[in-house]
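Shown next, in structure tokens, is the structure this report addresses.
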Amino acid sequence: MSTKNTYTVSIYTENNVGLLNRISAIFQRRHINIESINSSKSEIKNVSRITILVKIPEDQMKKIIGQIEKQVEVIKAFYHSDEETIYQESCLFKLSSDLLIENDEIQMIINQSKSRVININKDFFVLEKSGSKEELEELYNILDKHGIMQFVRSGRIAITKEAMKISTMLD
Amino acid sequence: METREKKSKKEEIQTNITISGAEAVVKCLLAEGVDILYGYPGGAIMPVYDELYKYEDKLNHVLTRHEQGATHSAQGYARATGKVGVAMATSGPGATNLITGIADAQIDSTPMVCITGQVASHLLGSDAFQETDIVGISTPVTKWNYQITKASEIPEIFAKAFYIARSGRPGPVLIDITKDAQFEQFDFSYEKCTSVRSYKAVPELNIEAIKEAANLINEAKKPFIIWGQGIVLGEAEKEFESFIEKTGIPSASTLLGLSALPTKHPLHVGMVGMHGNYGPNKLTNECDLLIAIGMRFDDRVTGDLSRYAKQAKVIHFEIDPAEIDKNVKADVAVLGNAKETLKAIAPFVKENMHKDWLQKFRDYDAIEFDKVIKKDLYPTKEGLTMGEVIKEINNASEGKAIIVSDVGQHQMIACRYAEFSQTKSNITSGGLGTMGFALPAAIGAKMGAPDREVVAVIGDGGYQMTIQELGTILQTKAAVKIVVLNNEYLGMVRQWQQLFFDKRYASTEMTNPDFVAIAKGYHLKANRVTKREDLEKSIKEMIESEEAYFLEVCVEKEDNVFPMIATGSSVSEVRLS
């Protein structure tokens, strides 16, 4: 049994209704859990980029890339290990405004974690933090002690170190 | 120059006319060369049916008795002709009833376009009457699908659908059209689709891979070819035959590859797989080079993968890059359409003969004949065997018939013993194993190839899954010959229960109706055979009939199909009893 690795899958697609369903079905059919998924525009006009994070063995990853590329509206799919990408996740914390007034520690946490206050009112404030999953987890654990009213984390987005020649494929 | 270009483009584009979406659907079908489609009307597709009524002299709509029958008929038509089969249904249950046929076409790479009606676009998502998310449901079993909500999308989407269905590795495409889009008026013009930018139908030919493959072939002492349906779909029969004749390589077929090479060809060594022939299964694990052409190493072909052809180098000729290394690792992958790749490799391979190696296959044949075939084809016991029925069909049709088989014991027997002298003669549900496939598929095959004899060989179980299509035969007068091999059991399941579940025959015994009376109820000629002395004469009478004919043959109840590779066993563990 080959070992499982974390892979970032980057899929360049036509921007069509239902394609995400078609792609996620490829993972679902093989009983693979998608760790995170993100869809956005790409560097090419009218081409979408889907970023999926999975933990699977490499031989299975290769086969799945083949199945993804086989889909009519997929232009190209790639997979990369963490070492081959520069990646980030982003998260938001909703915290009580009382903490800002009553708790000295909070200002220090905000400064040290390089997070930003993006919204504040008399009841709550929202803290934003981008970074690796581990950094985000660390901040979560610290803030957890003070009470988190809401938390949300985005899917991974990643830029690859190597070039992904998509434009030439569309000529 | 410019004017000439413009002119040629104009020939493709029909001049603009204002018509409804529904009429556009019919015009698109005609532009794609469709002259027959199979379907069943209902609320959400009625505008299109209204147009079919007006165009009935140009486009023959066959009313099947169930939407599943429409898909299987379209499949049978596609498999017999190589053209795209078309099926149509209404929304909701009409659409969901297509799914089995679509899934079957997907796994067996059959070109098919399915058209479904949908509730009006303003009702989408409201749980309207007969609304179902057919695009969502069909996504995993279609090569491509699309929901049309505006009439103006119809020409482009239809052109794309037919192009995708037939190009590269063929497959089913579903187009869902909301009812308002069918009513909407728009300026219609049609242009055929020749490319889709995100889709590469056929991979580029790699001459280096061709040369590498040729070297392996030239050096091999015990090369062995397994070919699949890729030869038929790629219309590469001639190229394949000259390739094997030049190289002298023994060649075996997969279930779906049958009839691509005449059964009597001296290099044809039979069929591989779970109920394939003894020699090709055994010798898969003895060859030094395994050449797979247009096949996908299905588990029913390979048995236990960890003990499959481990001693051999593997060359995989394949159109679908996702099939390379999927189940069996290829030493050399030759991507492309088999017709092109086989043509390209021809000058690089040396003329050869592998007389001693071929003889090994023949030696195994002799063992198989002695232990299995003799009993199947020349039985000495009283009960009729399925094998002797197939033998009589071969004789009466002179091996020229299209054999459409259902799923189960009779299918394996039909594919093992049917003699094929021309391509596109074997139509069966391979990958999905869809019981109920054969009767509607035979109707489609007969309509696609009206000059050929079409014999549907069906078990008593599968027959009753789509028996209502006798009504389609009655109405269309499709001259299909139907042979039901009745053993009063779901025979293949019963065989497994006997071999692997200590004869606990759970829900496999069938109390059957009077099949002859049913056929007669549909005003078909019908007959029943219970004794050997009546068999030859009855089959001859059936084949000679100008019209549809139903023949029930009551066969031995508990016969088994051998050879057999049990699940989890290696191909070399193929058993003869």
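Chain A is the first sequence line, chain B the second, and so forth, proteins listed ahead of strands; every chain is numbered from 1.
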If I measure from the heavy atoms of chain B, does A:V74 come under 4.5 Å with its side chain, its backbone, both, or neither?
backbone

Give a yes or no on this: more than 12 heavy atoms of other residues, nucleotides or ligands lie within 6.0 Å of atom CZ of A:R30.
yes

Heavy-atom check, side chain of B:R169 versus side chain of A:K70, under 4.5 Å
yes

Heavy-atom proximity to chain A below 4.5 Å, by part of B:V135
neither

Does A:N141 CG have over 12 foreign heavy atoms under 6.0 Å away?
yes

With a 4.5 angstrom heavy-atom cut-off, which part of B:K160 approaches chain A: side chain, backbone, both or neither?
side chain

Between A:K63 (side chain only) and B:K326 (backbone N and O only), is there a donor and an acceptor less than 3.5 Å apart?
yes

Tell me, for B:N145 versus chain A, whether the close heavy atoms (under 4.5 Å) come from the side chain, the backbone, both or neither.
both

Taking NZ in A:K161 as the centre, count heavy atoms belonging to other residues, nucleotides or ligands within less than 6.0 Å. Is the count above 12?
yes

Donor-acceptor pair between B:W144 and A:E73 side chains, under 3.5 angstrom
yes

From A:K76 atom NZ to B:S198 atom OG, the distance as rounded to the nearest 0.5 Å:
13.0 Å

Check the surroundings of atom CD in B:E204: do more than 12 heavy atoms from other residues, nucleotides or ligands lie under 6.0 Å from it?
no

Report yes if the side chains of B:R197 and A:E14 come closer than 4.5 Å at any heavy-atom pair, otherwise no.
yes

Heavy-atom count around A:E138 CD within 6.0 Å, excluding the residue itself: above 12?
no

Count the heavy atoms belonging to other residues, nucleotides or ligands that lie under 6.0 Å from NZ of B:K313, then report whether that count exceeds 12.
no

More than 12 heavy atoms from other groups under 6.0 Å of CD on B:E156:
no

If we ignore hydrogens and angles and just use 3.5 Å, is the side chain of B:T139 paired with the main-chain N or O of A:R22 as donor and acceptor?
no

Gap separating the CD1 atom of A:I75 from the OH atom of B:Y199, nearest 0.5 angstrom
15.5 Å

Give me the one residue out of B:V173, B:I164, B:T142 that meets side-chain contact (heavy atoms from CB on, under 4.5 Å) with A:V72.
B:I164

Does A:E162 have more than 12 heavy atoms from other residues, nucleotides or ligands lying within 6.0 Å of its CD?
yes

